Novice: 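My questions all concern the structure below.
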Amino acid sequence: MSISRRSFLKTGSALAVGAMLPNIGHSSTLSNISANDMINVALIGCKNMGWANLSDFMPHKEVRCVALCDVDKNILANAASKLEADFGQKAELYNDYRKVLERKDVDIVIIGTPDHWHCLQFVDACAAGKAVYVEKPIANSIAECDAMVKAAKKYNTVAQVGQQQRSSKHWQQMVEYIRAGRLGKIGQVNVWGNFNYAAMPAPVADSPVPDGVDFDMWLGPSPQLPFNQQRFHGSWRMFWNYGGGLMTDWGVHLLDMGLWGMDVKTVPNYTIASGGKFYFPEGAHETFDSLQVTYGFDDFIMTWSNSAGVESGPYGKNYGVLFKGTNGTLVANRDDWEVYPEGDKIGKTSMKADYRDHKDHVSNFLECVKTRNTQTACTIENGSLCAKYAQLGNISARMDGARLVYDDNAKTFNNAEADKYLRPAYRSPWIFPEI
Ligand SMILES: NC(=O)c1ccc[n+]([C@@H]2O[C@H](COP(=O)([O-])OP(=O)(O)OC[C@H]3O[C@@H](n4cnc5c(N)ncnc54)[C@H](O)[C@@H]3O)[C@@H](O)[C@H]2O)c1
């Protein structure tokens with residue numbers, strides 16, 4: 001980024017005015033920042049969600065995609081042709097994200113890689129002075145969450161976590177309704193996510209690495225293992241080295257709403273969880289197809305439950321969050337929220353979603369980038385808190401229901417065995433980022 005370009009992005013108020021005027025960046029009066037009206041975006045991890053995110057950036061007139069990066073050449077080529085077909089743009093193609101970060105003209109990186117990669121790529125992007133849109137869960141361990149929060153602080157990074165529900169009006173109004181105290185005393189918050197995709201068929205044999213895939217770079221800091229189709233695109237979520245099953249995949253979205261509604265900003269007093277592969281013991285997934293977690297607070301409890309392969313759920317919803325108060329119970333998911341009164345203590349209330357949250361989330365981020373505002377709709381701290389909750393649930397269940405008390409200042413559990421789950425051992429040559 002040239003000096004004038006960087007100062008352009010830093011001078012928020014000037015830009016905010018300019019941004020309201022059509023085509024202002026190409027006007028002769030601003031010719032000294034000729035290309036500077038554009039925000040250059042790079043996408044790292046171009047498949048499912050990465051591409052979906054980029055598609056929400058591209059309709060913004062000021063956005064230009066200058067780099068696409070993926071370790072699978074097939075995915076990369078596909079993304080390049082969609083970029084041209086859908087948005088009429090061409091980008092440089094990369095296999096190694098570090099080369100993307102070396103480019104001075106890249107303003108924003110979108111990280112759409114599997115969870116085990118987020119921390120390194122995020123920290124490196126912060127250090128390279130980029131603004132970052134990072135997918136959820138922000139990381140695959142508690143220590144990585146801390147490293148990312150520290151990096152964003154150190155480099156004053158404008159970061160948005162892909163927990164787009166934070167930008168949705170119906171969730172925002174749900175939080176307002178709850179915090180206004182209308183439900184009375186809330187003693188329980190129940191959160192659940194039941195999805196078939198997290199129950200896998202029986203394991204398949206390892207196989208040769210597909211043509212065009214740099215599998216070593218896909219594994220990155222995770223342990224060296226042979227290629228296996230089931231531990232690759234999409235379904236990596238169900239293997240501990242890369243993800244945490246429904247607990248982390250959906251848990252972070254929905255626990256975030258529970259914590260936001262209850263205005264919780266710290267880890268729970270304790271966590272107790274039980275889980276197993278009870279529905280599909282022969283399935284390839286390592287993560288729990290059945291899981292129940294209880295988080296204890298001073299004056300309420302929050303629970304998480306998931307079933308993979310059985311999609312029934314409370315109130316006819318396969319996923320959601322409910323707040324149970326003395327005046328009524330509020331039940332919410334991405335479709336709507338509705339209050340079920342206790343007798344006639346309060347009136348019935350409901351609200352439908354308008355499903356624009358992904359787009360609004362990206363718009364919020366772009367506005368924050370232009371104004372150098374680090375208080376995005378979902379900050380790295382927001383993402384870190386609920387990722388830690390998801391980790392706590394999985395760790396307690398992996399320890400057969402240990403009652404865990406996590407001290408987020410001392411960075412230790414009340415249980416030495418649990419401490420070993422805090423931080424993954426990075427495979428050489430990758431080094432855990434110490435900030
Ligand atoms: N916000 C949401 O609602 C939402 C929805 C789905 C997924 N996600 C998140 O998005 C992320 C990606 O999930 P997905 O479903 O798209 O996974 P995916 O497996 O479909 O795609 C990941 C892509 O990253 C690439 N990749 C892996 N390592 C790389 C590296 N070192 N450099 C560059 N590219 C690399 C892979 O080759 C693949 O193309 C996850 O963190 C997931 O939790 C969020």
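We count residues from 1, following the sequence as given. Side-chain atoms are counted along with the backbone in the values below, which use heavy atoms only and exclude waters and symmetry mates. We count ligands from 1, going down the list as the structure has it; atoms in each ligand are counted the same way. Computed from a predicted model, the values in this text were never measured in an experiment.
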Novice: Of the choices D70, V161, N78, which has the non-hydrogen atom that lies closest to atom 23 (C) of ligand 1?
Specialist: D70
Novice: Under 4.0 Å, counting heavy atoms only: does G112 come that close to any atom of ligand 1?
Specialist: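 So G112 counts as touching ligand 1.
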Novice: How would you list all residue pairs meeting side chain to side chain donor-acceptor pair (under 3.5 Å) that involve residues 267-281, not counting sequence neighbours?
Specialist: N269-D298
Novice: Does M49 reach ligand 1 with a nitrogen or oxygen that is under 3.5 Å from one of the ligand's nitrogen or oxygen atoms?
Specialist: yes
Novice: Using heavy atoms and a 4.0 Å limit, tell me yes or no: is W51 in contact with ligand 1?
Specialist: no
Novice: More than 12 non-hydrogen atoms from neighbouring residues, nucleotides or ligands closer than 6.0 Å to NZ on K324, yes or no?
Specialist: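 Incorrect, the count does not exceed 12.
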Novice: If only side-chain N and O atoms count, and only distance matters, is there a donor-acceptor pair under 3.5 Å linking N190 with T303?
Specialist: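 Short answer, yes.
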Novice: Do G162 and ligand 1 have an N or O pair less than 3.5 Å apart?
Specialist: yes
Novice: Hydrogens and angles aside, do Y426 and E144 bring a side-chain donor and acceptor to less than 3.5 Å of each other?
Specialist: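 There is such a pair (donor and acceptor under 3.5 Å, judged by atom type) between the side chains of Y426 and E144.
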Novice: For ligand 1, which atoms sit closer than 4.0 Å to a heavy atom of D249?
Specialist: 43 (O)
Novice: Distance under 4.0 Å to a non-hydrogen atom of I75: what atoms of ligand 1 satisfy this?
Specialist: 39 (O)
Novice: Measure from the ring center of W117 to the ring center of W430 and say whether it is less than 6.0 Å.
Specialist: yes
Novice: If the cut-off is 4.0 Å to any non-hydrogen atom of H253, which atoms of ligand 1 fall inside it?
Specialist: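 Counting from 1, the qualifying ligand atoms are 1 (N), 2 (C), 3 (O).
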Novice: Ion pair present between D354 and K359, side-chain N to carboxylate O less than 4.0 angstrom?
Specialist: no
Novice: Compare W236, W218, F215 and give the one whose heavy atom is closest to atom 18 (P) of ligand 1.
Specialist: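 Closest candidate by heavy-atom distance is W236.
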Novice: So if I count the atoms of ligand 1 from 1 in the order they appear, which ones are less than 4.0 Å from some heavy atom of N48?
Specialist: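 Near N48, meaning under 4.0 Å from one of its heavy atoms, ligand 1 has 14 (P), 15 (O), 16 (O), 20 (O).
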Novice: If you round to the nearest 0.5 Å, how far is CZ of R403 from CG of N415?
Specialist: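 CZ of R403 is found 12.0 Å from CG of N415.
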Novice: Quick one: look at K136 and ligand 1, take heavy-atom pairs under 4.0 Å, and tell me if it's side chain, backbone, both or neither.
Specialist: both
Novice: Does W117 approach ligand 1 within less than 4.0 angstrom via side chain, backbone, both or neither, non-hydrogen atoms only?
Specialist: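 Within the 4.0 Å criterion, W117 contacts ligand 1 through side-chain atoms alone.
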Novice: Identify, for atom 10 (O) of ligand 1, the protein heavy atom at the shortest distance, and state residue, atom and that distance.
Specialist: E135 CG, 3.2 Å
Novice: Give the residue and atom name of whichever protein heavy atom lies nearest to atom 24 (O) of ligand 1, and the separation in Å to one decimal.
Specialist: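 Of every protein heavy atom, G45 CA, 3.5 Å lies nearest to atom 24 (O) of ligand 1.
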Novice: Distance to 0.1 Å, residue and atom name: give those for the protein heavy atom nearest to atom 11 (C) of ligand 1.
Specialist: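 Ranking protein heavy atoms by distance from atom 11 (C) of ligand 1, first comes T113 O, 3.4 Å.
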Novice: At a 4.0 Å threshold, what atoms of ligand 1 neighbour a non-hydrogen atom of G234?
Specialist: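 The atoms of ligand 1 under 4.0 Å from a heavy atom of G234 are 18 (P), 19 (O), 20 (O).
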Novice: Compare M217, Q121, Q165 and give the one whose heavy atom is closest to atom 32 (N) of ligand 1.
Specialist: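 The option holding the nearest heavy atom is Q121.
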Novice: What's the verdict on side-chain hydrogen bond (donor to acceptor under 3.5 Å, both in side chains) for H253 and R334, showing C-alpha distance, side-chain angles and the deciding distance?
Specialist: CA-CA 10 Å; H253 281 305; R334 289 181 179 179; 3.3 Å; yes
Novice: Quick one: look up the protein heavy atom nearest atom 21 (O) of ligand 1 and list residue, atom name and how far away it is.
Specialist: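 It is K47 CB, 3.4 Å.
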Novice: Distance from E311 atom CD to K317 atom NZ, nearest 0.5 Å?
Specialist: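 Separation between the atoms: 14.5 Å.
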Novice: Check for me whether G243 has a heavy atom closer than 4.0 Å to any atom of ligand 1.
Specialist: no
Novice: Take the angle between the ring planes of Y133 and H361 and call it parallel below 30°, perpendicular above 60°, tilted in between.
Specialist: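 Perpendicular.
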Novice: Is atom CD of E282 surrounded by more than 12 heavy atoms (other residues, nucleotides or ligands) closer than 6.0 Å?
Specialist: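 No.
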Novice: Identify the residue among V132, V161, L385 that makes a side chain to side chain contact (heavy atoms under 4.5 Å, CB included) with I380.
Specialist: V161
Novice: Has ligand 1 got any nitrogen or oxygen that is less than 3.5 angstrom from a nitrogen or oxygen of R334?
Specialist: no
Novice: Check if Y97 has a non-hydrogen atom at a distance under 4.0 Å from any atom of ligand 1.
Specialist: no
Novice: Between N382 and Q163, is any side-chain donor less than 3.5 angstrom from a side-chain acceptor?
Specialist: no
Novice: Show the atoms of ligand 1 that are less than 4.0 angstrom away from any heavy atom in P137.
Specialist: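 In order of numbering, the contacting atoms are 43 (O).
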Novice: Look at K411 together with D146 and state whether they make a salt bridge at an N to O cut-off of under 4.0 Å.
Specialist: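 So K411 pairs with D146 through a salt bridge.
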Novice: Quick one: does R237 get within less than 4.0 Å of ligand 1, heavy atoms only?
Specialist: yes
Novice: Are a donor atom and an acceptor atom from the side chains of Q160 and N364 found within less than 3.5 Å of each other?
Specialist: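 Result is yes, a qualifying pair exists.
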Novice: How far is atom 41 (O) of ligand 1 from its nearest protein heavy atom, and which residue and atom is that?
Specialist: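 I find the closest protein heavy atom is D115 OD1, 2.6 Å.
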Novice: Flag this pair as yes if the NZ/CZ of R166 is under 6.0 angstrom from the six-membered ring centre of W171 and inside a 45 degree cone about the axis; otherwise no.
Specialist: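 Negative - R166 is either too far from the ring of W171 or too far off its axis.
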Novice: Going by the order shown, which atoms of ligand 1 are within less than 4.0 Å of some heavy atom of H233?
Specialist: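 Heavy-atom distances to H233 below 4.0 Å select 19 (O), 36 (C), 37 (O), 38 (C), 39 (O).
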Novice: At under 4.0 Å between heavy atoms, is it the side chain or the backbone of D96 that contacts ligand 1, or both, or neither?
Specialist: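 D96 to ligand 1: no contact under 4.0 Å from either part.
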Novice: Within ligand 1, which atoms have a heavy atom of Q164 less than 4.0 Å away?
Specialist: 1 (N), 2 (C), 3 (O)
